[in-house]
Amino acid sequence: MKIELSATPPFSFTSVVNSHGWARLAPFKTIEGEDDLAYIFRLGNQQVVKLDMEETPNGVSIAIQEEVSVDGVKEIKTAVAWMLALNENFQEFYNLTKSESKLGRVEEKAQGRLLRSPTLFEDTVKTILTTNTSWSGTIRMTESLVTQFGDPLPGRTEQFSFPDPGKIASSNEDTLRNETRLGYRAPYILDLARQVDAGKLNLEALKNSDMSGDQLHKQLTSIKGVGNYAAANLMMLLGHYEYLTIDSWALKMVSQEFFNGDPIRPDDVEGVFEPWGKWKGLAYWLWDWSEE
DNA sequence: GGTAGACCTGGACGC
DNA sequence: GCGTCCAGGTCTACC
């Protein structure tokens with residue numbers, strides 16, 4: 001079965017896949033040197049399927065080996081449109097970048113869309129797993145969580161979907177800490193999964209919320225394990241670019257580019273990108289940090 | 001509001 | 001191979 005979806009132009013599948021590291025985290029899968037992207041997806045009826053995505057002239061095509069119901073196809077279309085931000089429009093941002101050489105090629109490359117997971121629960125878990133660790137640690141912890149708690153793709157027992165919140169919720173801190181090896185993040189992930197599973201926290205509602213940026217940020221930082229950096233990252237994934245993902249790398253790059261390498265504080269980074277207003281997170285993210 | 005210390009792991013480094 | 005140090009955000013306690 002093949003499903004075709006169109007995107008608001010300009011669109012570049014490669015730019016979305018390479019927008020940040022998410023494509024390297026399970027249950028996403030990429031093949032070195034190839035432009036396609038796979039994802040192990042669990043439908044609402046618990047069926048697990050593999051989505052093989054590749055670029056088409058107008059958007060993306062999704063190849064699926066398994067038989068899927070009409071409702072399932074609808075669900076997949078909605079999920080992929082969200083994951084690849086197919087319907088987002090960045091023209092206003094592109095117009096602003098024309099006068100900035102460090103952002104000179106973003107429109108040409110159709111950059112701006114950030115790859116996201118089907119659910120905000122998954123993106124929140126993954127974001128927490130990026131904090132205070134190396135990238136290899138994030139890959140390891142995500143893989144471990146998916147392998148241990150995900151549902152297997154039929155016939156391919158080595159490939160799993162991202163775990164349902166309930167699966168993690170029914171686990172315990174000791175298992176997550178010592179077997180999944182999430183370390184001190186274990187209670188954060190467990191608490192998040194239990195809140196979502198119990199219906200006390202409706203993360204998915206935030207995807208289409210009319211909350212202000214500040215309200216959204218406050219809501220996200222109320223989650224244990226989500227601080228300023230993690231909340232800003234999640235807001236970017238939600239299409240709000242008014243917060244900056246300031247980590248140690250950001251402080252280093254901004255210091256080198258704007259402050260002659262002197263020590264700086266997060267407020268200094270904010271100040272540099274303030275002129276970009278509601279697009280400042282994206283301006284920072286897509287900035288060409290290479291030396292001229 | 002600002003700051004220090006703890007949290008956990010992997011990688012780099014020296015022996 | 002082993003021990004030590006450090007980097008990486010967030011939370012909590014304290015001032």
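The sequence lines fix the lettering, A, B, ..., with proteins before strands; numbering per chain opens at 1.
Put simply, A:Arg181 has a side-chain N or O that comes within less than 4.0 Å of OP1 or OP2 on B:dG10. The shortest distance between the side-chain N/O atoms of A:Ser248 and the OP1/OP2 oxygens of C:dG9 is below 4.0 Å.
On a pure distance criterion of 3.5 Å, no polar donor-acceptor pair joins the side chain of A:Tyr229 and the base of C:dG8.
What separates NZ of A:Lys252 from C1' of C:dA7 is a distance of 12 Å, to the nearest Å. Taking atom CG on A:Leu192 and atom C1' on C:dC11, their separation rounds to 16 Å, with Å as the unit. For the pair A:Tyr188 OH and C:dG9 P, the computed distance is 14 Å after rounding to whole Å. Distance, A:Leu129 CG to C:dG8 C1': 13 Å, rounded to whole Å. Atom CG of A:Asn132 and atom C1' of C:dC11 are 11 Å apart (whole Å). Rounding to whole angstrom units, CG of residue A:Asp267 and P of B:dT3 are separated by 11 Å. Nucleotide C:dT10 holds its P atom 13 Å from the NZ atom of A:Lys224, rounded to whole Å. Whole-Å rounding puts the A:Ile189 CD1 to C:dG9 C1' distance at 13 Å.
With C:dT10, B:dT9, C:dG9 as the candidates, the nucleotide lying closest to the side chain of A:Asp247 is C:dG9. Minimum atom distance to the side chain of A:Tyr184 is reached by B:dC7, of the listed C:dG8, B:dC7, C:dT10. Ranking C:dT10, B:dT3, C:dG8 by closeness to the A:Arg265 side chain, first place goes to B:dT3. Each of B:dG10, B:dC7, C:dT10 was ranked by its minimum atom distance to the side chain of A:Arg177; first place goes to B:dC7.
Of the residues listed (A:Thr127, A:Thr142, A:Asp123, A:Thr130), the one engaging A:Trp22 in a side-chain hydrogen bond (donor to acceptor under 3.5 Å, both in side chains) is A:Asp123, and it is the only one.
For the atom pair NZ of A:Lys126 and CD1 of A:Ile189, the computed distance is 12.0 Å after rounding to the nearest 0.5 Å.
A:Gly137 comes within 4.0 angstrom of no nucleic acid atom, judged by non-hydrogen atoms across all strands. At the heavy-atom level, A:Thr133 lies under 4.0 Å from base atoms of the strands shown. As judged by a 4.0 angstrom heavy-atom cut-off over every strand, A:Ile223 is placed among residues touching the sugar-phosphate backbone only.
The side-chain tip of A:Arg116 points at the ring of A:Trp82 from less than 6.0 angstrom away and within 45° of straight on.
Aromatic ring centres of A:Trp287 and A:Phe273 lie closer together than 6.0 Å.
The 5' end of DNA chain C is approached more closely, in terms of each residue's nearest nucleotide, by A:Arg185 than by the other of A:Val226 and A:Arg185.
Checked by atom type and distance alone, the side chain of A:Lys278 never pairs as donor or acceptor with a backbone atom of A:Glu242 at under 3.5 Å.
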